[in-house]
Amino acid sequence: MSVAESNDPVDASVSAETATGELTDGFHLLIDALKLNDIKTIYGVPGIPITDLGRMMQEEGLRVLSFRHEQNAGNAAAIAGFLTKRPGVCLTVSAPGFLNGLTALAHATTNCWPMILISGSSEREVVDLMQGDYEEMDQLAIAKPLCKAAFRILHAQDIGIGVARAVRASLSGRPGGVYLDIPGALLGQVMDEIEGAKSLVKVIDPAPAQIPAPGAVARALDVIKGAKKPLIILGKGAAYAQADEAVRKFVETSGIPYLPMSMAKGLLPDNHPQSAGAARSLVLKESDVVIMVGARLNWLLSHGKGKSWGEPHSTKFVQIDIEPREMDSNVEIAAPLVGDMESCLTALTEGMAAGWKAPPQEWTDAVREKRDANVARMAPTLQNNASPMNYAGALGAIKRVVDKNPETMFVNEGANTLDFARSMVDMHRPRKRLDVGTWGVMGVGMGTAIAAAVETGLPVLAVEGDSAFGFSGMEIETICRYNLPVCVVVFNNNGIYRGTDKNRAGGEDPAPTVFVENARYDMMMEAFGGVGVHATNPDELHRAVSEALESGKPTLVNAVIDPAAGKESGNIGSLNPTSVVAKRMSHHVLEIIKQKAAQ
Ligand code: ADP
Ligand code: MG
C-alpha cells in the first residue's frame with residue numbers, strides 16, 4: 001500500500017518533499033523508538049492485541065521473554081530497572097493482563113525503580129462510550145494513581161514522543177513506574193517511513209547530575225561534625241545510583257559506622273570493619289546523628305522515632321535524597337541534602353578532606369564490640385547439622401556457598417526465610433541482594449530471579465519460603481524454557497510462618513496457614529526438564545546448591561525445614577493484629593445474632 005492509497009488521516013501529515021511512498025507502521029515505530037532508547041529486553045505475556053508486536057520485537061533484535069503470568073513479568077521488569085538504571089519494560093494484553101501487570105508497576109514506583117508497563121488496549125471511542133468491547137477498560141485512568149506518570153499514544157507520529165516521555169519520566173528525579181497505553185489500532189496505523197524515522201526521539205541525559213547547594217553541604221557537615229555517636233544508613237537508593245566508589249570513599253573517609261538496609265547490603269562487603277549490620281539495635285538506639293544515604297525513614301526504620309530509636313528521642317538526621325519532598329516525611333531533617341547520590345557524597349567527602357576528625361573511638365569501639373559479639377554468638381548455630389533443618393542450619397549452608405561465590409545474584413523472599421537470610425547470609429558486592437522491597441511483596445521471587453539472570457548473565461540463587469514461592473512458582477517453566485542459570489531453594493516448612501497450625505474449629509479443613517505436608521517442590525522442576533533435589537540436611541543442601549551454581553542448570557532444591565521452626569510473621573509479628581478476645585462471643589451475643597438471621 002502506498003501513501004496515496006491509505007485512508008488513514010495520519011497520512012495527511014506526510015510532506016511532499018520527504019515522502020518516499022514507502023510506509024512504516026505503529027508496530028515498527030514502537031520497536032524502533034524503544035531500541036533507539038537502549039531498551040534491549042521485553043518481559044511480558046503475549047495475547048490480544050500485542051501478539052504480533054512480541055513476534056516482531058524478537059524479529060527486530062529485542063530479547064523477548066514470555067512469562068506465564070504478567071505479575072511475574074512485571075516484577076522482572078521492575079528489578080531490571082533497579083539493576084541497570086534503565087527502565088525495565090513489561091508488555092501485556094488489555095484489561096486483565098494490564099491489571100496483572102499493575103501490581104508490579106506500583107511496586108516499582110514504591111521502590112523508586114524505573115519501569116515502563118506497556119499494555120495494549122481497546123479503542124478509546126468504544127471505551128469512553130462504555131460499549132462493551134473485548135476486555136474493555138479505561139486503563140489510563142486506572143493506572144494514573146498507581147504510578148509516577150501515565151501516557152496514551154493515539155497517533156503513529158506521536159510514538160517517538162510518547163516513548164521518550166515514558167523513558168524520561170521513569171528515570172528522571174526519583175525514578176518510578178510509568179504506564180504507556182497502546183490502543184490496538186495504533187499498531188496498524190501507517191505513515192511515511194522517512195517521516196516516521198524523523199519522528200523518533202532519543203532521550204538525552206534522562207537523569208542529569210543534580211548538584212547539592214553548597215550551603216546545604218556545609219550545613220550537613222556541621223551537623224556531622226557535632227556528633228558524638230554518628231551513624232550512616234545506606235539504602236537501596238544508594239545501590240540504585242551505582243555510585244559505589246563514592247559510597248566507599250564517603251564511608252571510609254568519615255570513619256563512621258554504617259548500617260546497610262536490606263538491598264544496600266554488599267554496597268560495602270558485610271565484613272567491612274565499619275559495618276554495624278550485626279549491631280543494629282545498638283546503633284539505632286544510641287546514635288545521635290544519622291546520615292541517611294538513599295534510604296527512607298519509613299516503617300522499615302520505625303519512622304525514625306519510638307523505642308527502637310532510644311528515648312527520649314534526640315537523633316538528628318542528615319538526609320541525602322534526590323526527592324526534595326522526602327525530607328521531613330516522618331521526623332524533622334536537620335540537614336536536608338537534595339541532589340543525586342554521587343554528587344552529594346562527593347561534595348561531603350571533599351568537604352571532609354581538610355582536617356577531618358574521626359568519630360570518638362569510644363563509640364566506634366562500642367559498635368565493633370557489639371557487632372563482633374553478635375557475630376560470634378551466631379557462628380555456632382550456623383554450623384548446626386540438624387535434620388529436619390532449622391533456619392540457621394539451612395542458611396549456614398547457603399551462607400558458605402555465597403561466601404565462596406560472591407558474584408552470585410541472591411534473590412530472597414518469605415517471612416522467616418527472608419528475615420533470617422537477611423541477617424545470616426553476607427553480601428560481598430553491590431546490588432547482589434534482591435528481595436521484597438519497601439512493601440515486602442510476596443511473589444517477586446521468580447520474576448526477580450529471571451531478570452537477574454537475563455540482565456547480568458550471572459548465576460542466580462533464589463532462597464524462597466514455600467508460601468512465597470507459590471505466588472510465582474509456575475515460572476520455573478520459564479526458567480527451564482530459556483535455560484537460565486537459576487537455582488531455586490524452597491524452604492519447605494509445610495506452611496506460612498509455621499507448618500504446625502491446627503483448625504481451631506476441629507473440622508477437616510486444614511488451618512489457613514498450612515499447606516500439603518511434605519510436598520515435593522523439586523518434582524515440579526523435573527516436570528520441565530530441570531534438576532530437582534530433595535535435601536533433608538545442611539550438607540545435602542550445600543552440595544546441591546554448589547553443584548547448581550557450578551553447572552548453571554535450572555535447579556530446584558526442596559529444603560526440608562522443621563515445621564515448628566518459624567515464628568509468626570517473621571520479625572514483623574507486631575504488624576499482624578491478633579485478637580485479644582479469648583472466646584469469640586458469649587452465649588447471649590450468639591442468641592442475638594441467631595434472632596437477626598431468622599428475621
Ligand atoms: P531502603 O528501603 O533501602 O531504605 P528506600 O527505597 O526507602 O531505600 O529509599 C531510597 C531513596 O533513594 C528514595 O527516597 C529515593 O528518592 C532515593 N534515590 C533514588 N535514586 C537516587 C539517586 N540517584 N540519588 C539520590 N537519591 C536517590
Ligand atoms: Mg513456609
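Numbering of ligands and ligand atoms starts at 1, following listing order. Only a predicted model underlies this, so the values are computations on that prediction, with no experimental measurement involved.
Residue pairs that meet the salt bridge (charged side-chain N to carboxylate O under 4.0 Å, His left out) test with at least one member in residues 235-244, sequence neighbours left out, are Asp244-Arg431.
One finds a salt bridge joining Asp270 and Lys265 here, because a Lys/Arg side-chain nitrogen approaches an Asp/Glu carboxylate oxygen to under 4.0 Å. Look at Lys202 and Asp38 and you find a salt bridge, because one of the NZ, NE, NH1 or NH2 atoms lies within 4.0 Å of a carboxylate O, short of that distance. A salt bridge does not link Arg68 to Glu475: none of the charged nitrogens lies less than 4.0 Å from a carboxylate oxygen.
Considering both main-chain and side-chain atoms, Leu234 never comes within under 3.5 Å of ligand 1 through any nitrogen or oxygen pair. Residue contacts with ligand 1: Arg296 is placed with a nitrogen or oxygen under 3.5 Å of a nitrogen or oxygen of the ligand (distance criterion only). Between Asp321 and ligand 1, an N or O atom pair is found at a separation short of 3.5 Å. For the pair Glu323 and ligand 1, the shortest N or O to N or O distance does not fall below 3.5 Å. Looking at Leu300 next to ligand 1, no N or O pair under 3.5 Å apart turns up. An N or O contact shorter than 3.5 Å is missing between Asp340 and ligand 1 by distance.
Looking at heavy atoms from C-beta onward, Pro206 lies out of side-chain contact with Ser172 at the 4.5 angstrom threshold. Annotation: side chain of Tyr43 is in contact with side chain of Val454 (closest heavy-atom distance under 4.5 Å). Asp435 is not listed as a side-chain neighbour of Glu413, based on a closest heavy-atom distance of 4.5 Å or more. Trp113 places none of its side-chain heavy atoms less than 4.5 Å from the side chain of Thr84. By the 4.5 Å heavy-atom criterion applied to side chains, Leu337 and Gln319 are not counted as neighbours.
The side chain to side chain contact (heavy atoms under 4.5 Å, CB included) search around Ile572 returns Trp299, Leu575, not counting sequence neighbours.
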Would you list the atom pairs, donor with acceptor, under 3.5 Å between side chains in residues 290-298 and any protein atom, with sequence neighbours excluded?
residue: Arg296; atom: NH1; partner: Thr110; partner atom: O; Å: 3.2
residue: Arg296; atom: NH2; partner: Thr110; partner atom: O; Å: 2.8
residue: Arg296; atom: NH2; partner: Thr438; partner atom: OG1; Å: 3.3
residue: Asn298; atom: OD1; partner: Leu300; partner atom: N; Å: 3.1

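Taking distances strictly below 2.8 Å, the protein N/O/S atoms close to the Mg ion (ligand 2) are Asp466 OD1, Asn493 OD1, Gly495 O.
For the residues Ala209, Gly237, Ser262, the heavy atom positioned nearest atom 18 (N) of ligand 1 is part of Gly237.
Scanning the protein heavy atoms around atom 24 (N) of ligand 1, the nearest turns out to be Met341 N, 2.9 Å. Considering only non-hydrogen protein atoms, atom 23 (N) of ligand 1 sits nearest to Ala241 CB, 3.7 Å. With hydrogens left out, the protein atom closest to atom 3 (O) of ligand 1 is Lys236 N, 2.7 Å, a heavy atom. Atom 27 (C) of ligand 1 has as its closest protein heavy atom Ile322 CG2, 3.7 Å.
Taking the centre of each ring, Phe469 and Tyr521 come in below the 6.0 Å mark.
Only side-chain heavy atoms of Met261 come within less than 4.0 Å of ligand 1; its backbone N, CA, C and O stay farther off. Under 4.0 angstrom from ligand 1, the non-hydrogen atoms of Arg174 all belong to its side chain.
Gly339 counts as a contact of ligand 1, since one of its heavy atoms falls under 4.0 Å from the ligand.
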